[in-house]
Amino acid sequence: MLTDALKAETYRLWRDRGAVFWGFAFPGIGVFLLGIVASLFIRYVAKQQMPGAINLGSDMVGALGGAGSPITQIFFLIAAAAIFGTDYRWETWRLQTPRNSRINLMLAKFAAYGLGVFLALLGMAIGGLLSGLVRAVIETSPIAPFDFAAWQAGFLRGLLASWLELMVVGVITALLAVLTRTNVAAIIVTLLLAFAQAIIMGQVRIDPRDPPLDALASFPALAANVVRGGPVDIGGATANGAPAAALMLGLWIVVFGGAAILLFLRQELTRE
């Protein structure tokens, strides 16, 4: 039954072209366009040239790091709200719950969102790669030799960190969508929480290379940065506590995702 729910949910998401484009496709397109605009500005407006060769591996890993920005997360919020809140908006829960269990329905939504996030992150990495190639043409700069071993480690850590961080965003959105029964409230509140986290982290002095456990548990963005390994530079020093940081992100996903499911199980869906 879970397989049936997952097939149905992925089909419904695919048919929601607006959510698919703005929520999952546009982040990769945005990375590519921003890279081109930045290169054109530096080359023809500032009339400068970035020193050194173009490191395409670093560009790809750096693009993944953009998932930690609240601005980028707005697009994933659109997708998450569409997945978890649309049934309240159109009052379609009453058509689904007789055909499958509520747990399966919610788990299918989490799985569909997780798959969309994974594909979107790959799109962002490709956007970073393509923008690097265009920058090499604009600036007539050489491309640095590609070190696959060093790139692979940084890329996998960046992919895991960004996926976990965006899953935290998704489960919080899911909980708020179930609680408020509206897409708008889920998007606005989750976005405010993301900006509040960024502001508080800017005020609190925490060593990102060896943060305390309570800080990792309090700030998902900090935990994601630790999992990434600190700076974006390929081959740079790795941060301490990456396993603990990944565990904290996993706990956020389990706790808030479980809360959303428990609340949904107790919810009255007479109208929906």
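In what follows, every heavy atom counts, from backbone to side chain, and hydrogens, waters and symmetry copies are set aside. Just so we're clear, the structure is a prediction, and the values are computed from it rather than from any experiment. FYI, the numbering just counts along the sequence from 1.
- Clustering ILVMFWY residues whenever any of their side-chain heavy atoms sit less than 4.5 angstrom apart, transitively, puts L40 in a cluster other than the one holding L34.
- The cluster map of Ile, Leu, Val, Met, Phe, Trp and Tyr, joined by side-chain heavy atoms under 4.5 Å apart, puts L164 and V254 in different clusters.
- Between V178 and M106, the closest side-chain pair of non-hydrogen atoms falls below 4.5 Å.
- Within a 6.0 Å sphere centred on CZ of R17, other residues, nucleotides and ligands contribute more than 12 heavy atoms.
- You'll find the side chain of V168 stays beyond 4.5 Å of the side chain of F256, heavy atoms only.
- In terms of the side chain to side chain donor-acceptor pair (under 3.5 Å) criterion, residue partners of N104 (sequence neighbours excluded) are, by chain and number, N100, S101.
- Counting only heavy atoms from C-beta outward, the side chains of F75 and F21 never approach each other to under 4.5 Å.
- Using modelled atom types, no side-chain atom of T173 and backbone atom of L77 make a donor-acceptor pair closer than 3.5 Å.
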Practice task
Start with the C-alpha gap between F76 and V117, add the side-chain angles, then the distance that decides, and say whether side-chain contact (heavy atoms from CB on, under 4.5 Å) holds.
Solution key: CA-CA 8 Å; F76 291 94; V117 167; 4.1 Å; yes
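- Counting non-hydrogen atoms of neighbouring residues, nucleotides and ligands closer than 6.0 angstrom, the OH atom of Y11 reaches no more than 12 such neighbours.
- Under a hydrophobic clustering in which Ile, Leu, Val, Met, Phe, Trp and Tyr are joined whenever their side-chain heavy atoms come within less than 4.5 Å, directly or via other members, I143 and I36 fall into the same cluster.
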Handout entry: F148/W151 under ring-ring contact (aromatic ring centres under 6.0 Å, His included): CA gap, chis, key distance, verdict
Key = CA-CA 5 Å; F148 180 80; W151 169 83; 5.6 Å; yes
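- In this structure, the separation between CD on E9 and CD on Q96 is 6.5 Å, given to the nearest 0.5 Å.
- Considering every non-hydrogen atom in both D214 and S218, the closest pair reads O-OG, 2.7 Å.
- Atom CD1 of residue I187 and atom CG of residue L192 lie 11.5 Å apart, to the nearest 0.5 angstrom.
- In I103, the CD1 atom is not crowded: 12 or fewer heavy atoms of neighbouring residues, nucleotides or ligands sit closer than 6.0 Å.
- Between I200 atom CD1 and L222 atom CG the span is 12.5 Å, to the nearest 0.5 Å.
- Exactly one of W93, F110, F84 qualifies for a ring-ring contact (aromatic ring centres under 6.0 Å, His included) with F264. That residue is W93.
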Practice task
Could you give me the CA-CA distance, side-chain angles and deciding distance for Y88 and N183, then say whether side-chain contact (heavy atoms from CB on, under 4.5 Å) is met?
Solution key: CA-CA 8 Å; Y88 292 103; N183 296 18; 5.7 Å; no
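- Here CE of M167 is found 11.5 Å from CD1 of I172. Values are rounded to the nearest 0.5 Å.
- The heavy-atom pair separating S162 from L121 by the smallest distance is CB-CD2, 3.7 Å.
- Of all heavy-atom pairs spanning L13 and A19, the tightest one is CD1-CB, 4.5 Å.
- Note that CG of D147 and CG of N55 are 9.5 Å apart. Values are rounded to the nearest 0.5 Å.
- Residue V184 is not grouped with residue F195 when hydrophobic side chains (ILVMFWY) are merged at heavy-atom distances under 4.5 angstrom, including chains of intermediate members.
- Looking only at side-chain heavy atoms (C-beta outward), V134 and L130 stay at 4.5 Å or farther from each other.
- Applying the side chain to side chain contact (heavy atoms under 4.5 Å, CB included) criterion to L179, with sequence neighbours excluded, gives L263.
- L107 has its side chain within reach of I261: a pair of non-hydrogen atoms, C-beta onward, lies under 4.5 Å apart.
- Between R135 and D59 there is a salt bridge, since at least one side-chain N of the basic residue sits less than 4.0 Å from a carboxylate O of the acidic one.
- Atom CD1 of residue I78 and atom CZ of residue F26 lie 9.5 Å apart, to the nearest 0.5 angstrom.
- Closest of all the heavy-atom pairs between R12 and T92 is NH2-OG1, 4.2 Å.
- Contact between D87 and I83 at its shortest, heavy atoms only, is OD2-O, 4.4 Å.
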Handout entry: Steps toward side-chain contact (heavy atoms from CB on, under 4.5 Å) verdict (W252, V169)
Key = CA-CA 10 Å; W252 273 78; V169 172; over 6 Å; no
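- Nearest heavy-atom pair across T180 and L176 is OG1-O, 2.6 Å.
- Taking the side chain as every heavy atom from C-beta outward, I138 and Y44 approach each other to under 4.5 Å.
- No side-chain donor-acceptor contact under 3.5 Å links R157 to the backbone of A242.
- Both V227 and L122 are members of a single hydrophobic cluster when ILVMFWY side chains are connected at heavy-atom separations under 4.5 Å.
- Inter-residue side-chain proximity for F118 and L159 is flagged as met; some heavy-atom pair is nearer than 4.5 Å.
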